[in-house]
2 protein chains.
Amino acid sequence: MPKPTQDDANAPKLTINDIAALAGVSKKTVSRVINQSPLLNQATREKVEAVIRDTGYTPNPQARALALGRNFLIGLVYDNPNQQMILNMQRGALEALHDTEFELVIRPVDRGSAKVMDDIRSFIVRQRLYGVIILPPLSENDAIARICSEEGCRYVRMGSAVLDDPEHMVVSNDREAVAEAVRHLIQQGHKRIGLIAGPHGFRSAKERREGFELALSEAGISLPRSLIADGQYTFESGVSACESLLDLSPRPTAIFASNDEMAAGVLYAARLRGIEVPDQLSIIGFDDTPITSRVWPPLTTVRWPIVAMGRAAALKLIGTAIGEGADVSEPSTFTSTLIRRASVAPPPQG
Amino acid sequence: MPKPTQDDANAPKLTINDIAALAGVSKKTVSRVINQSPLLNQATREKVEAVIRDTGYTPNPQARALALGRNFLIGLVYDNPNQQMILNMQRGALEALHDTEFELVIRPVDRGSAKVMDDIRSFIVRQRLYGVIILPPLSENDAIARICSEEGCRYVRMGSAVLDDPEHMVVSNDREAVAEAVRHLIQQGHKRIGLIAGPHGFRSAKERREGFELALSEAGISLPRSLIADGQYTFESGVSACESLLDLSPRPTAIFASNDEMAAGVLYAARLRGIEVPDQLSIIGFDDTPITSRVWPPLTTVRWPIVAMGRAAALKLIGTAIGEGADVSEPSTFTSTLIRRASVAPPPQG
DNA sequence: CTCCGATCTGACACCGGTGTCCAAAACGGA
DNA sequence: TCCGTTTTGGACACCGGTGTCAGATCGGAG
């Protein structure tokens, strides 16, 4: 049926013209009500609003998108970091978007591919996105911010440190949070503490490493290069990085892993060698993903408030649209907190 | 700038009229090329296609959506099951949608809320979705299928068993997969095998339970009601269900948990009581989520091919659109396979 | 009572595609 | 060569909103 039947019992398919007719005004006036135009007689507005309420009319988003040159879609662009993080970001963003006219469109891309930037640009342009949320490590690339500006698309960059355009950022203070965690290890008496760093090119990896180094230097503990192992934020990389640390002699009495996946890998590697956690080795991770409480012993970790950050990012994008333009122009900073579980204890005697 | 500048260096913003002019035909002819209309001169078609290729023109989705009354968006509707499953579904669907004109819009809803159905309907209607993928347990509700039909929206239901409308389903054969897993336990010599069932109202829970019962009855093993504990597909429910099973005397020598989260809970509970896995207790889970290989010992589980199912679901929706209408009209069935790790061993002597 | 400016309102074109329908072109047969 | 039939192409209206701008309305001042 090419022509939509007007008699669909369930779908009246109201148009703006119907509303205009029912309210006895022109469609343009209805449009003004919908778009909250200020130059409108209060009585007229109320009359139209009443009709809209009674009929349950909602404007056709496609038509608006065409006329406005902008859709009511928020894009979530990410590469391939932590799965759990993506899910939590989605959760947060969806919470903010719930009961608004916006929808969330997810878009994984392949950092590494030569045409990532073109992909992202065409995604934004084609869909006429209202705004995009960019996840790390992609968010650290200024080219994306430039593309968004050029295409007139709002954007928010998630990150671990404020970059060049603060008003578009939602950040967590990873450095201080990690320093806090490492201070906790030091307080317990640890002096030989290993670090499993995140991959090069990730700002979060850099920040976390700096936090680690900060806490150690504060306490006057020297940090031989050998106590730093490279990881890729994956479980497997955590296992092998841990193995190289455990090969040291004397071996570290505690290990800070730059994320939970790798911390789980540390635990696994320790068990493979029959090393008791936390009695012979203390572990701290980062993220507070579910895995930390499912392994044995449950892992002490840093809780990264990613859901809240996702919510803030989405709000920042649509804030002006829903009339909450509060702190939209400043960077939003979130602080992570240490969650103490059972993977930390004082170092073994001797 | 209300009026889009035509001089944007980077964004030529081609319209169908430009293409028509360049190719020396009318816009309608260009439209015919785009929509693969069969009544068109081959030479003309090629000429237009060449221009499109050269200019990199892509039609404005919003305008098409308005004219066609249908958007190029695929909705992913889910309640709140397994997080990992959602992620994998997304992965699969996105793979299928990659390099097509379709985008994926995710939409969690609240089963339980009185107006779920209205929410879903308005989501479909408002966005003029091309199609929706419905995840379990929501997919088991026939009302959703009815809504989709009424609104003329394609849909695919993911599930653990073929329901009333097979052509709209992508299913896995959980029953047989679980029976297979339990047969494996029986072969190892287990006779007292506990089941941690999934929540009532989930078809998957029912199928998995039936598979469990099937394998036992095949082997002539009786199943006292006490060996079946209720779970909610969550880690915590797995812990407490396991505790109730371990309180039995004699206690089971093996436990099948209806998903991995609960299986991880079983492992945790066993450890709390100092029960060795697998020497004193064997465990099998279901899903093959990452957690199975991160805990100690790694869990034997049933690999649920959810990524492939997600891909199939998306393909089923867009298949006709991209000219691959192969097996679109039949239900697609996927088989799960047993993954043997280290949580199963013969029962302890005596 | 009339006139004026400030406020509202509505007719109309437009966003960028698609469906309809008819005219023009191409082709084959008499 | 001419005509009828089948392709192919194009003018026009339309999808459902929004921007523009001129005209209508209203209240207050002269």
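In what follows, chains are A, B, ... by sequence order, proteins preceding strands, each numbered from 1. Both backbone and side-chain heavy atoms feed into the values below; hydrogens, waters and symmetry mates do not.
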Exercise for the section: Would you tell me whether B/Asn71 and B/Arg126 have side-chain atoms, one donor and one acceptor, within less than 3.5 Å of each other? Expected result: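 Their side chains do not contain a donor-acceptor pair, so the 3.5 Å distance test is not met.
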Problem - Short side-chain N/O contact to D/dG16 OP1/OP2 from A/Arg64, under 4.0 Å - result: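 Checking A/Arg64 against D/dG16: no side-chain N or O falls below 4.0 Å of OP1 or OP2.
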Problem - Under 4.0 angstrom between A/Thr29 side-chain N/O and C/dG10 OP1 or OP2 - result: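 For A/Thr29, the contact criterion (side-chain N or O under 4.0 Å from OP1 or OP2 of C/dG10) is met.
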Practice task
With sequence neighbours left out, write down each residue that passes side-chain contact (heavy atoms from CB on, under 4.5 Å) with B/Leu22, or none if nothing qualifies.
Solution key: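 B/Leu22 satisfies side-chain contact (heavy atoms from CB on, under 4.5 Å) with B/Val51, B/Thr55 only.
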Practice task
Considering only NZ, NE, NH1 and NH2 on the basic side and carboxylate oxygens on the acidic side, decide whether B/Glu151 and B/Arg128 come within less than 4.0 Å.
Solution key: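 Answer for the salt bridge query: no.
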Handout entry: Minimal non-hydrogen separation, A/Val162 against A/Pro166, with atom names
Key =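 Smallest heavy-atom distance, with atoms named: CG1-CB, 3.7 Å.
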Exercise for the section: Compare every heavy atom of A/Val156 with every heavy atom of A/Lys316, then report the nearest pair and how far apart it is. Expected result: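 Answer, listing the atom of A/Lys316 first, then A/Val156: CB-CG2, 4.0 Å.
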Expressed in angstrom and rounded to an integer, what is the separation of [X] atom [atom1] from [N] atom [atom2]?
{"X": "A/Asn60", "N": "C/dC15", "atom1": "CG", "atom2": "P", "answer": "18 Å"}
{"X": "A/Ile16", "N": "C/dC12", "atom1": "CD1", "atom2": "P", "answer": "17 Å"}
{"X": "A/Asp18", "N": "D/dG16", "atom1": "CG", "atom2": "C1'", "answer": "11 Å"}
{"X": "A/Lys28", "N": "C/dC8", "atom1": "NZ", "atom2": "C1'", "answer": "13 Å"}
{"X": "B/Leu66", "N": "D/dG17", "atom1": "CG", "atom2": "P", "answer": "9 Å"}
{"X": "B/Asn71", "N": "D/dC15", "atom1": "CG", "atom2": "P", "answer": "18 Å"}
{"X": "B/Arg126", "N": "D/dG17", "atom1": "CZ", "atom2": "C1'", "answer": "13 Å"}
{"X": "A/Ile52", "N": "D/dG17", "atom1": "CD1", "atom2": "C1'", "answer": "13 Å"}

The side chain of [X] lies closest to which of these nucleotides: [options]?
{"X": "B/Thr44", "options": "D/dT8, D/dT18, C/dG17", "result": "D/dT8"}
{"X": "A/Asn41", "options": "C/dC8, D/dG17, C/dG16", "result": "C/dC8"}
{"X": "B/Thr15", "options": "D/dG17, D/dG19, C/dG17", "result": "C/dG17"}
{"X": "B/Val25", "options": "D/dG16, C/dG17, D/dG10", "result": "D/dG10"}
{"X": "B/Tyr57", "options": "D/dG9, C/dT9, C/dG17", "result": "C/dG17"}

Handout entry: Partners meeting salt bridge (charged side-chain N to carboxylate O under 4.0 Å, His left out) with A/Arg111 (sequence neighbours left out)
Key =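 With neighbours one apart ignored, the set is A/Asp79.
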Practice task
Using the test ring pair (Phe, Tyr, Trp, His ring centres under 6.0 Å), find all partners of A/Phe123 that sit at least two apart in sequence or belong to another chain.
Solution key: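 If we apply the ring pair (Phe, Tyr, Trp, His ring centres under 6.0 Å) test to A/Phe123, skipping adjacent residues, there are no hits.
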Exercise for the section: Please confirm whether the backbone N or O of B/Glu167 pairs with a side-chain atom of B/Asp165, one donor and one acceptor, at under 3.5 Å? Expected result: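 Flag not set: sc B/Asp165 to bb B/Glu167 has no pair under 3.5 Å.
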Problem - Ring-face cation contact, A/Tyr130 with A/Arg154, 6.0 Å cut, 45° max - result: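 That pair qualifies as a cation-pi contact.
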Problem - Degree of bending, the helix from C/dC1-D/dG30 to C/dA30-D/dT1 (end axes from five pairs; round to 10°) - result: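 It works out to 60° between the end axes.
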Exercise for the section: Using a 4.0 Å heavy-atom cut-off across all strands, classify A/Asn35 as base, sugar-phosphate, or nothing. Expected result: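 Here A/Asn35 touches the backbone only, sparing every base.
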Problem - Donor-acceptor pair (no angle test) under 3.5 Å: A/Lys27 side chain, D/dG16 base - result: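 Check fails, no donor-acceptor contact within cut-off.
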Practice task
With sequence neighbours left out, write down each residue that passes side chain to side chain donor-acceptor pair (under 3.5 Å) with B/Glu95, or none if nothing qualifies.
Solution key: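 B/Glu95: side chain to side chain donor-acceptor pair (under 3.5 Å) contacts with B/Arg311.
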Could you list, one pair per line, each protein nitrogen or oxygen that sits under 3.5 Å from a nitrogen or oxygen of nucleotides 21-27 of chain D, together with the distance?
none

Exercise for the section: Hey, which sits more toward the 5' end of DNA chain D by its nearest nucleotide, B/Ala67 or B/Ser26? Expected result: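 Per heavy-atom nearest nucleotide, the more 5' residue is B/Ser26.
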